[in-house]
Amino acid sequence: MKKPARSTPAADPLTFFHPAVREWFAAAFPAPTLPQTLGWPAIARGESTLILAPTGTGKTLAAFLWCIDRLMFVAPPPAAERCRVLYISPIKALAVDVERNLRVPLTGVAQVARQRGTGIHEPTLSIRTGDTPAGERAKFSRRPGDILITTPESIYLLLTSNARETLRSIETVIIDEIHALVPGKRGSHLALSLERLEHLCGRKLQRIGLSATQRPLEEVARFLGGI
């Protein structure tokens, strides 16, 4: 896979989104941030994308908003093939925070769409960490969420269990705080897991990396791009 490409600003990055998404965003924020302006065009094209930006500049929404748009406004696949977005956090606490924070755009865009009379599919969230109760793990195997939030260790365990069949429909992988994973053994294990996931899915996956401190940037890009 080639390294993620550098992007240039779009005239209006919100033109990539459904009108309901644009309306929600305009009501919630004064304007897109630079990471969003630069990131959304490449993400919308399906390209693997590495976003380096300071904390508080909207990197997570830069990664997720196009995914939300696609999940909501494109007809969903059968229930067993719903899991299409995978978010990987190096720590469990961040995974829990992201699950909570994602409900804001999911709820907000859904409300705007209903007010506009637009039909939607409301994406569901699943979380899988070492703290996830057995009942929730079994539920995911039966009916996976549209977005799976997990950790490097948990995605490895999923890929070695019967639940791996729910991952065949993954299209986009978001790796948060990627700088924390690249240098060590966890990063090596995650790189192998991502290659196994691509083999399972039978196609190249869109990979989105997020971090405020990526050094050296070219090395992080090579890690994200994969083999």
Side-chain angles (χ1 to χ4, degrees), residues 35 39 43 48-51 55 58-72 76-77 79-110 121-182 186-187 189-191 193-194 196-198 200-201 205-212 224:
I43 292 170
S48 288
T49 305
L50 182 60
I51 299 179
T55 301
K59 294 188 298 296
T60 304
L61 193 60
F64 270 111
L65 195 60
W66 178 252
C67 298
I68 291 172
D69 187 295
R70 189 173 73 250
L71 293 174
M72 278 195 170
E81 301 171 13
R82 291 281 170 85
C83 189
R84 286 168 285 166
V85 178
L86 173 65
Y87 168 89
I88 299 174
S89 163
I91 56 175
K92 291 183 284 187
L94 179 58
V96 172
D97 285 345
V98 166
E99 181 197 23
R100 181 178 62 250
N101 294 337
L102 267 181
R103 298 191 185 280
V104 175
L106 288 172
T107 301
V109 174
H121 165 69
E122 294 196 46
T124 56
L125 303 176
S126 296
I127 187 164
R128 183 74 175 261
T129 71
D131 296 334
T132 304
E136 287 299 313
R137 298 183 188 193
K139 179 181 176 182
F140 175 78
S141 297
R142 296 192 306 270
R143 192 173 183 84
D146 298 89
I147 299 172
L148 172 61
I149 298 169
T150 189
T151 62
E153 291 74 21
S154 290
I155 193 62
Y156 169 80
L157 292 174
L158 277 169
L159 285 165
T160 56
S161 71
N162 291 334
R164 65 180 174 273
E165 294 303 314
T166 61
L167 304 176
R168 287 186 182 275
S169 50
I170 293 290
E171 299 169 351
T172 300
V173 180
I174 300 169
I175 307 171
D176 209 346
E177 302 293 347
I178 190 171
H179 69 277
L181 295 168
V182 173
R186 296 181 77 206
H189 284 298
L190 177 58
S193 291
L194 292 175
R196 292 181 67 184
L197 178 61
E198 282 201 344
L200 176 69
C201 295
L205 302 177
Q206 181 182 36
R207 304 184 186 194
I208 303 172
L210 308 175
S211 177
L224 180 66

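- The backbone N or O of Leu157 sits less than 3.5 Å from a side-chain atom of Thr160, completing a donor-acceptor pair.
- Partners of Arg128 by salt bridge (Lys or Arg N to Asp or Glu O under 4.0 Å), not counting sequence neighbours: none found.
- With hydrogens and angles disregarded, a donor-acceptor distance shorter than 3.5 Å links the side chain of Glu198 to the backbone of Leu205.
- Applying the salt bridge (Lys or Arg N to Asp or Glu O under 4.0 Å) rule to Glu99 yields the partners Arg103; only residues at least two apart in sequence or on another chain are considered.
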Side-chain donor-acceptor pairs under 3.5 Å in residues 79-88, sequence neighbours left out?
unit_1, atom_1, unit_2, atom_2, d
Arg82, NE, Pro77, O, 2.7
Arg82, NH2, Pro77, O, 3.4
Arg84, NE, Arg82, O, 3.3
Arg84, NH2, Asp146, OD2, 3.2
Tyr87, OH, Asp176, OD2, 2.7

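- For the salt bridge (Lys or Arg N to Asp or Glu O under 4.0 Å) test, residues two or more places apart in sequence or in another chain that qualify with Glu165 are Arg168.
- Among residues at least two apart or in separate chains, salt bridge (Lys or Arg N to Asp or Glu O under 4.0 Å) pairs with a member in residues 151-160 are Glu153-Arg186.
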Item to check | Working for side chain to side chain contact (heavy atoms under 4.5 Å, CB included), residues Ile155 and Leu167 | outcome: CA-CA 10 Å; Ile155 193 62; Leu167 304 176; 3.9 Å; yes

Next on the checklist: What verdict does the side chain to side chain contact (heavy atoms under 4.5 Å, CB included) test give for Phe140 and Thr132, after you've listed the backbone C-alpha separation in whole Å, the side-chain angles of each residue and the deciding distance to 0.1 Å?
Outcome noted: CA-CA 11 Å; Phe140 175 78; Thr132 304; over 6 Å; no

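- Glu171 CD to Cys67 SG: the interatomic distance, rounded to the nearest 0.5 Å, is 9.0 Å.
- By the 4.5 Å heavy-atom criterion applied to side chains, Thr60 and Asn101 are not counted as neighbours.
- Looking only at side-chain heavy atoms (C-beta outward), Leu181 and Pro152 come within less than 4.5 Å of each other.
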Item to check | Step-by-step side chain to side chain contact (heavy atoms under 4.5 Å, CB included) determination, Thr172 to Arg70 | outcome: CA-CA 11 Å; Thr172 300; Arg70 189 173 73 250; 3.4 Å; yes

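- Glu177 has its side chain out of reach of Ile91: every pair of non-hydrogen atoms, C-beta onward, lies at least 4.5 Å apart.
- Within the model, atoms OG1 of Thr166 and CG of Asn162 stand 10.5 Å from one another, a figure rounded to the nearest 0.5 Å.
- Every residue meeting the side-chain hydrogen bond (donor to acceptor under 3.5 Å, both in side chains) condition with Ser154, not counting sequence neighbours, appears here in chain and number order: Thr151.
- Judged by distance alone, with hydrogens and angles left aside, the side-chain atoms of Arg196 form no donor-acceptor pair with the main-chain N or O of Ala191 at under 3.5 Å.
- Side-chain atoms of Leu102 and Ile149, non-hydrogen and from C-beta on, do get closer than 4.5 Å to each other.
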